[in-house]
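Taking it in order: structure first as structure tokens, then the write-up.
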Amino acid sequence: MRRFRRNRGALLGAVLVALLVGAAVFAPWLADRGPSQQDLRARLQPPSLTHPFGTDEFGRSLYSRVLHGARVSLLTGLIPVVAALVVGSSLGLLAGFFGGRLEGAIMRVMDVLLAFPSLLLALAVVGTLGPGLVNAVIAIAVVEIPQYARLVRSVVLGTREEDYVQAARALGAGNARLMLRHVLPSAIGPIVVQATLGIGFAILAMAGLSFLGLGVQPPTADWGEMLARGRRFLPEATWLMVFPGVAVSLTVLAFNLLGDGLRDALDPRS
Amino acid sequence: MRRLVFTIVLAAVIGTGAAQTLTTAIGQNPPTLDPQTTFNGFSFHVTNQIYETLVRVTPDNEVVPGLATSWEFVEPTRLRFSLRQGVTFHDGSTLDAAAVAASLERLLDPATAAPGRFVVSAITAVEVVDDTTVDVVTGQPFAPILAHLAHPVASVVPVGLADALSRDPVGTGPYRFVSWVDGSQVELVANDAYWGGAPAIERVIVRIIPEVSTQIVELRSGGVDIIFNVPPDNYLSLQNDASLVTEAIEGWGSAHLGINVAAPELADLRVRQAIAHAIDKALITEEFLRGLAAPAVAPIPGTVRFAAADLEEPYPFDPEGARALLAEAGAEGLALRLDVYQNPDLEAVAQVLQFALAEIGVDLTIRVQDFAAYTQAIERDDAQLYLTAWGTVTLDADYTLYAFFHSSEIPGNNRSRYAVDAIDALLERGRAVADDAERLAAYAEVQAAVVRDLPMVTLYYPLFTYAKRPGLEGEAIAFSWINLDLRNASLSD
Amino acid sequence: MLRYVVGRLVGTVPVLFGVTLLVFAMTVLTPGDRVVALLGDAAQGLGQAAREELRQELGLDQPLPLQYVQYVSGLVQGDLGRSARSRRPVVAEIRDRLPATVELALAGLAIAVALGVSLGVLAAVRRGSVFDSLAVAVALVGVSVPVFWMGFLLMIVFALELGWLPASGRGTWRHLVLPAVTVGVASAAFIARITRGAVIETLGQDYVRTARSKGLAERRVVLRHALRPAMLPIVTVVGLQLGGLLGGAVLTETVFAWPGVGRLLVDAIVARDLPLVQGCVLVIALLFIGVNLVVDLSYAAINPKVRYG
């Protein structure tokens with residue numbers, strides 16, 4: 001913990017993430033008006049005192065949309081990561097703990113998934129299931145599963161023969177109990193680091209899918225969708241690209257800083 | 001690889017050296033350059049430079065000679081064409097009646113699986129009379145046949161080359177095909193043997209640039225000479241650029257909010273009226289589309305023959321009235337789904353409608369899908385509202401009205417499931433009689449009825465826009481970018 | 001060494017099997033009628049009987065394992081089916097586009113390596129200086145900015161405002177600069193971080209200190225003694241980065257109208273042209289597997305320890 005606090009980057013990351021969560025939670029109170037509130041008579045206004053971030057093509061407040069976008073982006077960043085974490089960790093646990101054919105099968109499947117460049121795999125999933133928010137989230141989750149499976153398996157392999165695990169086994173602890181109580185906890189540190197970095201990837205990938213028109217449905221305020229639509233008004237209405245773009249970049253940066261900091265803090269070597 | 005790069009560099013150097021090279025930009029790689037095996041605008045934009053039809057339509061919606069010099073109905077179901085003499089395909093072979101018949105037969109042949117076959121499906125036979133005369137026979141009298149034969153799918157292709165045409169097109173048109181670098185550009189060169197005289201612009205390069213903003217940067221920085229379908233906001237900023245010329249002309253398009261009248265939520269006319277009253281068409285056209293569209297009443301724009309251009313709006317913008325109608329119909333708290341396909345402009349209109357309907361208490365969910373999934377979805381019985389951008393490409397009322405409102409088009413083009421016997425009879429009469437006045441009367445009645453019954457709300461007629469460098473002059477564009485006609489165009493610096 | 005190479009090659013076989021199985025499974029998993037999915041518009045207007053006929057013709061009435069075998073045997077003969085939209089062989093579609101993507105990825109990689117390694121080494125050598133902090137910050141921002149966002153930014157500045165480079169398209173080397181930089185920036189940032197870490201570690205090693213104490217020039221110490229051993233982790237990262245590069249290429253090709261496989265894939269997805277989607281996914285995956293194989297083998301060549309690992 002002390003080591004983490006001494007890392008200025010990690011601290012900055014933590015502060016940024018806290019601000020982001022704050023913005024997401026309190027968006028309705030912080031916003032000047034609803035994110036879907038249109039005013040076609042005040043379209044594409046540059047930033048001003050009345051419209052801090054300007055307005056978009058529907059005359060909606062970009063400030064409000066960027067604030068509310070924090071909710072969507074955090075969710076579309078978190079959900080695939082959590083899903084991948086749960087599925088991947090379970091697979092890794094099973095593989096590491098039982099070994100043998102099961103392990104071989106699971107790890108070969110993971111190898112196959114890793115044989116695709118990540119965004120390509122996401123595109124393949126969307127290309128199969130069709131575009132849309134849910135399918136995009138599934139796509140990004142699928143991409144991230146192998147990382148957790150590999151990570152957890154290697155931790156399990158490392159701890160399986162440890163004394164305290166053997167002791168628990170001798171005392172008659174069942175497999176499920178062994179996995180959950182004795183083996184899994186040692187994997188939590190690396191998982192958290194991986195997940196933190198994964199959120200950054202998920203948000204960027206989501207923005208990429210939205211950019212290609214394969215992401216969220218309107219009128220959801222999503223940064224990727226804002227960028228995707230805003231690009232049509234370049235080079236005039238630069239604010240449509242600047243504010244959501246900075247929001248995405250800062251968020252990804254925050255999670256990367258946090259992840260790096262956690263890794264340094266949890267790494268026993270340094 | 002090095003040789004490839006060298007060739008490209010060399011081509012670029014030579015390309016810039018030659019005078020009179022026009023560079024245009026389109027948004028997608030054409031799937032094919034065989035006009036008969038596609039129904040894709042990006043294909044037609046290119047094939048219209050290479051191939052020709054028997055007759056063509058001018059920017060004033062007049063049918064004028066193309067490969068045919070004259071025509072007459074020798075019987076109500078038999079249209080006789082005299083062909084232009086001395087016309088050759090780019091490969092040197094002669095265009096004669098047999099070639100024309102073979103081409104149309106290929107289009108009609110189910111084995112060709114032409115997606116645009118429906119355009120000519122009224123034709124039952126094509127008969128060669130002599131070398132320069134050919135008869136087109138329909139099963140029933142079909143008044144709009146000429147307009148249909150002007151459609152790009154009816155282009156005359158050298159059938160002997162058949163499958164090779166998709167990558168190596170050969171036509172009779174003003175430009176010959178040179179090369180096609182997939183996803184990058186198609187290059188064409190003036191046809192010196194063109195029957196109407198070689199065009200002044202020697203070389204045309206059609207570049208494929210997916211992003212509108214990239215197209216605009218290219219136009220401004222001199223990389224391309226002309227871009228089409230400029231979105232309204234971009235159009236206005238290009239209009240202010242003194243180094244460019246912008247044009248906005250009436251097109252053949254219309255945008256519709258389709259309503260499935262068979263859906264239980266929408267079967268009550270009052271609910272449909274409420275939806276119509278909720279939409280401020282003038283606000284959409286003036287503010288959202290920046291005046292680059294006209295508010296609509298009839299389902300087809302005034303450019304189309306037999307359009308009811310002066311119909312009065314029976315359901316003007318009136319949110320109070322809309323709420324009252326919903327209350328009367330017992331439909332407060334109504335939740336509806338709007339289907340739309342992936343298209344940035346339509347998706348935006350969908351959001352405008354969503355907000356407008358929210359103001360009268362209707363909760364609209366927008367479902368955006370790819371075009372194929374969208375088409376399947378709105379042909380299902382549980383479809384509710386759908387948004388569509390439509391083009392009356394034959395510029396004859398029959399094309400749109402019959403497809404949208406005849407009961408035989410359910411399931412299919414009649415997504416509103418509008419089935420009224422009297423309307424069916426009028427639509428059949430409209431295509432069977434040859435007299436224009438009688439056709440006008442039939443179509444006027446149909447349009448008045450559908451505007452009242454609301455199987456759809458026609459939102460607006462978009463203007464067709466393009467922006468070019470001022471050196472380009474003399475281009476003629478009939479209603480749509482796919483009809484770019486460069487035969488009398490010239491280019492100066 | 002030979003045993004390692006053979007082992008590594010054999011290890012690729014199950015992955016190849018899995019990849020083809022997954023790509024084949026795309027047609028099974030896609031919602032809706034498979035005939036429509038495979039033939040697109042051409043099957044849209046057909047009646048039930050005609051669809052049934054096509055189903056038999058395409059072999060879709062056969063048991064799935066048999067269909068897979070047929071798919072793979074077609075694959076081995078270079079037959080990936082026909083694009084539903086253009087009706088051309090998928091192989092021909094991809095062959096036309098592949099050189100552009102390879103060119104972009106290689107140029108992007110070159111920029112990433114050149115930029116990343118030099119930035120990383122300089123930052124490591126001046127560890128703790130303002131330059132170091134700046135380099136670290138730039139590297140962090142570089143991986144956090146959306147690729148397409150960077151692309152538009154570069155285009156507006158260098159093509160529209162300054163007019164130095166063409167805005168889009170493929171042709172001369174000048175056309176390549178902006179897309180390659182766009183696609184390479186994120187990888188450059190990543191490589192810079194790894195390089196910095198690796199070089200800092202080797203700079204602290206005894207033999208480097210010895211070399212220094214012998215009075216060798218600093219430049220020589222860094223290049224000969226510190227950078228060389230640090231190349232191992234860098235090479236690994238470069239191989240992995242190619243995956244990110246190929247992904248970024250999809251977005252970059254769209255922004256810069258670059259006629260590559262990435263753009264082809266996106267168009268195919270939007271048009272629901274399943275055979276073409278399958279083909280693009282398969283080819284990019286095979287490319288990626290091949291590159292990683294080469295990286296692994298060259299890694300083994302540099303580092304003898306790997307062979308026994």
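FYI, side chains are in, hydrogens and waters are out, and symmetry mates aren't considered; it's all heavy atoms of this structure. Letters go in sequence order (proteins before strands), and every chain restarts at 1. In this text the structure is predicted, and so the values were computed from the model without any measurement.
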(request) Check each atom of B:Ser166 against the heavy atoms of chain C and say whether the ones under 4.5 Å are side chain, backbone, both or neither. (result) neither
(message) List the residues meeting salt bridge (Lys or Arg N to Asp or Glu O under 4.0 Å) with B:Arg220, not counting sequence neighbours, and say none if there are none.
(response) A:Glu236, B:Asp241
(message) Taking CG in B:Asp163 as the centre, count heavy atoms belonging to other residues, nucleotides or ligands within less than 6.0 Å. Is the count above 12?
(response) no
(request) Determine which residues belonging to residues 33-46 of chain B lie within contact range of chain C, meaning some heavy atom pair is under 4.5 Å apart, and list them by number or answer 'none'. (result) B:Thr37, B:Asn40
(message) For the CZ atom of C:Arg263 and the OG atom of B:Ser184, what is their distance to the nearest 0.5 Å?
(response) 13.0 Å
(message) Would you compute the distance between atom CG of B:Asp182 and atom CD of C:Glu93 and round it to the nearest 0.5 angstrom?
(response) 5.5 Å
(request) Could you have a look at C:Pro166, C:Ala92, C:Gly260, C:Pro259 and say which one has the most heavy-atom pairs with chain B under 4.5 angstrom? (result) C:Pro259
(message) With a 4.5 angstrom heavy-atom cut-off, is it the side chain or the backbone of B:Ile209 that approaches chain C, or both, or neither?
(response) both
(message) How long is the straight-line distance from CG of C:Leu162 back to OG of B:Ser221, given to the nearest 0.5 Å?
(response) 12.0 Å
(request) Test B:Glu211 against every option in C:Phe256, C:Phe148, C:Phe152 by the side chain to side chain contact (heavy atoms under 4.5 Å, CB included) rule and name the one that passes. (result) C:Phe152
(message) Could you report the tightest heavy-atom contact between C:Ala159 and B:Val217, atom names first, then the distance?
(response) CB-CG1, 4.4 Å
(message) Tell me the closest heavy-atom pair linking B:Glu218 and C:Ser168, and the distance in Å.
(response) OE2-OG, 2.5 Å
(request) Return the option, out of B:Gln185, B:Gln28, B:Arg207, B:Arg117, with the maximum number of heavy-atom pairs under 4.5 Å with chain C. (result) B:Arg207
(request) Find the distance between OG1 (B:Thr214) and CG (C:Leu160) and round it off to the nearest 0.5 Å. (result) 11.0 Å
